Amino acid sequence: MELFTYTRATDADQAVSAATDKDVRFVAGGTTLLDLMKLDVERPTRVIDINHIGLDTVEKLPNGGLRIGALVRNSDLAHHPLVESDYAVLSQALLAGASAQLRNMATTGGNLLQRTRCMYFRNTAMPCNKRIPGSGCSAIEGDNRTLAILGASKDCIATNPSDMNVALTALEAVIVVRGNTGTRNIPIGEFFLLPGTTPHLETVLAPGELITHVTLPASRPQSKHIYLKLRDRASYEFALSSAAVVAEVSGGKFTFIRVALGGVGTKPWRSHEAEAALLHGAADTPTFRRAADAALRDARPQSENAFKVELTKRCVTHVLTLATQSASTRLA
Ligand SMILES: Cc1cc2nc3c(=O)[nH]c(=O)nc-3n(C[C@H](O)[C@H](O)[C@H](O)COP(=O)(O)OP(=O)(O)OC[C@H]3O[C@@H](n4cnc5c(N)ncnc54)[C@H](O)[C@@H]3O)c2cc1C
Ligand code: SF4
């Protein structure tokens, strides 16, 4: 680990004004950043500790939505009564991630910006375009079993590893950020970037911009929320494939549907194709299968992960079955 200066910020403005260049990093829970610093993957010149700037509450908004501070810990968010009752897909996704100890440290802002688990990204002995632009991608001809089948490019096939981001995508969250030039609201669908030829650029955040909040639209009282995560072992493991669904069914047909996928995309993957196949369609297995086929139509598997195509189709079919089979409108 290289030498760096440490600054403890006491409010958001101080944190933002201390973040003067691209090699400055905010540290929240530290569960991603400190690992990567120890591996020499992240080499910040300055680390700004944002654990004492507040932004650690969950508030109901006048429009019925929810405002989540960037420093709210994943455990606190998952167990918040309003999240459990009105945004259950978020609670389920958070609790499917990492371990209890990690969730006690991990924050909303840090989870949004966690880095890929591609093994070559974390190994400085191997070429990786995301770590060193232009150096090459070791995964395309290498170990790519867990990597992306949607949204990849010839320069990077890494997945976004977050469970929370998949739920926030289905919930159409808005990311609120503050920089030296002011505040902006970024819909989550515009927040993450596809790798293209610049995989080192992962979001639209400018250097030094601080995530202050995540807002959610007003909840839909009749909607059913489900997050389903498929992985190599039952806990403490990243998704091979996951799906978040917010669904409303009336008279046996979908009247509202949001579908997002995890573990398969280079960013949290909203499936507009699945939603189009479901909306106004019958809530039955043939429709679910058509939606699953539509969601994976553009999948481009790598040498070791063709199994993810069928796995994800089954994940989508099963999550839709779960979302439509119970008389209850919510599954906590
Ligand atoms: C062993 C292990 C298993 C895991 N398993 C899972 C899993 O199954 N599912 C899953 O989803 N996650 C998993 N994780 C990842 C974990 O969820 C993330 O490490 C965590 O959410 C990151 O949050 P943090 O607050 O610790 O971030 P930090 O490490 O503090 O920060 C992460 C990044 O975000 C930046 N940052 C943090 N806050 C802000 C802010 N407010 N504004 C701007 N930038 C900011 C930092 O500069 C840094 O670049 C696992 C992690 C580990 C170590
Ligand atoms: S997939 Fe992306 S992160 Fe992994 S080695 Fe290739 S460029 Fe690096």
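Ligands are counted one by one from 1 in listed order, and the atoms in each one are counted from 1 as well. Given the structure is predicted, the values throughout are model-derived calculations rather than measurements.
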Do [X] and [Y] get their side chains close enough for a donor-acceptor pair, meaning under 3.5 Å?
X    : Y    : result
S75  : N104 : yes
S242 : Y227 : yes
N111 : T108 : no

Quick check: [X] and ligand 1, any N/O pair under 3.5 Å apart?
X    : answer
T31  : yes
Q114 : yes
K229 : yes
L33  : yes
G30  : yes
Y236 : no
A28  : yes
I211 : yes
D163 : yes
T32  : yes

Spatial distance of atom [atom1] ([X]) from atom [atom2] ([Y]) [nearest 0.5 Å]:
X    : Y    : atom1 : atom2 : result
E172 : T215 : CD    : OG1   : 11.5 Å
N165 : I175 : CG    : CD1   : 7.5 Å
R145 : D143 : CZ    : CG    : 8.5 Å
S162 : N74  : OG    : CG    : 8.0 Å
N185 : H213 : CG    : NE2   : 10.5 Å
L320 : Q325 : CG    : CD    : 11.0 Å

Discussion item. Using every non-hydrogen atom in the two residues, find where T31 and A106 come nearest and quote the distance to one decimal.
Written reply: OG1-CB, 4.3 Å
Worksheet entry | Over all atoms of both residues, closest heavy-atom pair of V246 and A170 | CG2-O, 4.2 Å
Worksheet item: Excluding sequence neighbours, so at least two apart, what forms side chain to side chain contact (heavy atoms under 4.5 Å, CB included) with R122?
Response: D35, L36, L39, R117
Worksheet entry | Whether R73 lies under 4.0 Å from ligand 1, heavy atom | no
Discussion item. Less than 4.0 angstrom from a charged side-chain N to a carboxylate O is my criterion; do E237 and K229 meet it?
Written reply: no
Return the closest protein heavy atom for [atom] as residue, atom name and distance.
atom                    : value
atom 36 (N) of ligand 1 : L113 CD1, 4.0 Å
atom 24 (P) of ligand 1 : G29 N, 3.6 Å
atom 47 (O) of ligand 1 : F26 O, 2.5 Å
atom 37 (C) of ligand 1 : G110 CA, 3.6 Å
atom 49 (O) of ligand 1 : R25 CD, 4.1 Å
atom 4 (C) of ligand 1  : F238 CZ, 3.3 Å
atom 7 (C) of ligand 1  : A98 N, 3.1 Å

Practice prompt. Please identify which atoms of ligand 2 are closer than 4.0 Å to at least one heavy atom of S138.
Written response: 5 (S)
For ligand 1, is any non-hydrogen atom under 4.0 Å from [X]'s backbone (N, CA, C, O), its side chain (CB onward), both, or neither?
X    : value
E209 : backbone
S99  : neither
A70  : side chain
D35  : side chain
L71  : neither
E237 : backbone

Going hydrophobic residue to hydrophobic residue with side-chain gaps under 4.5 angstrom, can you get from [X] over to [Y]?
X    : Y    : result
I50  : L77  : no
L216 : V177 : yes
F256 : I188 : yes
L113 : L55  : no

Practice prompt. Tell me which one of T107, L102, I175 gets a heavy atom nearest to atom 3 (C) of ligand 1.
Written response: L102
Fill in: Shortest heavy-atom approach to atom 39 (C) of ligand 1 - which of L205, I50, N165, T203
I50
Item to complete: Apply the salt bridge (charged side-chain N to carboxylate O under 4.0 Å, His left out) test between E209 and each candidate in R178, K22, R184; give the one that qualifies.
Response: R184
Worksheet entry | Side-chain heavy atoms of L261 within contact of T312, under 4.5 Å | yes
Discussion item. Between I157 and T266, is there a side-chain heavy-atom distance shorter than 4.5 Å?
Written reply: no
Response to the item:
At a cut-off of 2.8 Å, protein N/O/S around atom 2 (Fe) of ligand 2 gives C156 SG
Worksheet item: Which ligand 1 atoms are under 4.0 Å away from a heavy-atom of G97?
Response: 7 (C), 8 (O), 9 (N)
Worksheet entry | Atoms in ligand 1 flagged as close to S162, the criterion being non-hydrogen separation under 4.0 Å | 11 (O)
